[in-house]
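One structure is given below, encoded as structure tokens.
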Amino acid sequence: MSVLYLFGSAAPPVHGIAQPIAEAQARGWDVCLGLTPTAADWLSEQTSELEGLTGHPVRSSYKRPGVADVWPRADVIAFAPATFNSVNAWALGITSNFVVGVVAEAIGKGIPLVAMPCVNAAYVRHRQFERSVAELREMGVDVLYGAGGFVPNEPGQGRPGEYPWGLLLDAAGRVRA
């Protein structure tokens, strides 16, 4: 069974992350869930349920040096929802949290990466966002943004129930193959 690291940051669709975990498992993935610190806080009351669903600890912090990893090695890493902050930090190599550190290192390790942002239209008007998306794509990350991926809404008009998780899982399947 292939291992999918599913990473999420603090955007509204993260509240429904159990559904794409179950869908990924139905597609034959062994799923390990990693969250940014704020996303982990948002989902703290669901942690036990999510660990039961995946069969692995939910991680949001680095392990200590010399301690064995509690997860199997990833075949693919999918990062969604990826916030404005996470996308920019990743592209710039600012690894101040576990999730961004793992995906930054995965580029150098050659682990296939798929990312799908979740940002509003006001954030994408900031020049750094487009630069970051372009930079990640140049490094080989499949960024599902724009036509065929996530399309931003105006601030306050989000539709987290319509977040296109299926596109992320389809892309993860393509890069696995």
Taking Thr54 for its side chain and Leu50 for its backbone only, find out whether a donor-acceptor pair lies under 3.5 Å.
yes

Listing, residues 87-103 side-chain donor-acceptor contacts under 3.5 Å, not counting sequence neighbours, or none:
unit_1 : atom_1 : unit_2 : atom_2 : d
Asn88  : OD1    : Ser132 : OG     : 2.6
Asn88  : ND2    : Phe84  : O      : 3.1
Trp90  : NE1    : Val103 : O      : 3.4
Asn97  : OD1    : Val99  : N      : 3.1
Asn97  : OD1    : Val100 : N      : 3.0

Identify all side-chain donor-acceptor contacts of residues 63-74 below 3.5 Å with residues at least two apart in sequence or on another chain.
unit_1 : atom_1 : unit_2 : atom_2 : d
Lys63  : NZ     : Val67  : O      : 2.9
Asp69  : OD1    : Arg59  : NH1    : 3.0
Asp69  : OD1    : Trp71  : N      : 3.1
Trp71  : NE1    : Pro57  : O      : 2.9

Which pairs of donor and acceptor atoms, one on a side chain in residues 139-148, lie under 3.5 Å apart (sequence neighbours left out)?
unit_1 : atom_1 : unit_2 : atom_2 : d
Tyr145 : OH     : Glu130 : OE2    : 3.1

Should the heavy atoms of other residues, nucleotides or ligands under 6.0 Å from CD of Gln128 be counted, would the total exceed 12?
yes

Any chain of hydrophobic side-chain contacts (each under 4.5 Å) joining Tyr62 to Phe79?
yes

Kindly determine whether Arg27 and Glu23 satisfy salt bridge (charged side-chain N to carboxylate O under 4.0 Å, His left out), including the steps that lead there.
CA-CA 6 Å; Arg27 294 180 184 209; Glu23 187 176 332; 2.7 Å; yes

Gap between atom CG of Asp30 and atom NE2 of His56 - 0.5 Å precision
3.5 Å

Ser2 side chain to Trp29 backbone, donor-acceptor under 3.5 Å:
no

Got a second to check how far Leu169's CG is from Gln25's CD, nearest 0.5 Å?
11.0 Å

Does any pair with a residue in residues 156-176 pass ring pair (Phe, Tyr, Trp, His ring centres under 6.0 Å), and if so which ones, sequence neighbours excluded?
Phe150-Tyr163, Tyr163-Trp165

Which pair of heavy atoms, one from Ser86 and one from Thr36, lies closest together, and at what distance?
OG-CG2, 3.9 Å

Scanning both residues in full, the closest heavy-atom pair of Thr38 with Ala10 reads CG2-CB, 3.5 Å

Please collect all side-chain hydrogen bond (donor to acceptor under 3.5 Å, both in side chains) contacts where either partner lies in residues 39-52, sequence neighbours excluded, each pair once.
none

Applying side chain to side chain contact (heavy atoms under 4.5 Å, CB included), run through Val31 and Leu53 and close with a yes or a no.
CA-CA 9 Å; Val31 181; Leu53 181 60; over 6 Å; no

Mind checking the CG-CD1 spacing from Leu35 to Ile17? Nearest 0.5 Å is all I need.
6.0 Å

Look at the side chain of Ser9 and the backbone N and O of Thr83, then say whether any donor-acceptor pair between them is shorter than 3.5 Å.
yes

What pairs of donor and acceptor atoms, side-chain ones from residues 116-123 against any protein atom, are under 3.5 angstrom apart with sequence neighbours left out?
unit_1 : atom_1 : unit_2 : atom_2 : d
Asn120 : OD1    : Ala122 : N      : 2.9
Asn120 : OD1    : Tyr123 : N      : 3.1

Do Pro20 and Leu168 have side-chain heavy atoms sitting under 4.5 Å apart?
no

For Ala172 versus Leu4, what's the shortest heavy-atom pair and its separation?
CB-CD1, 4.2 Å

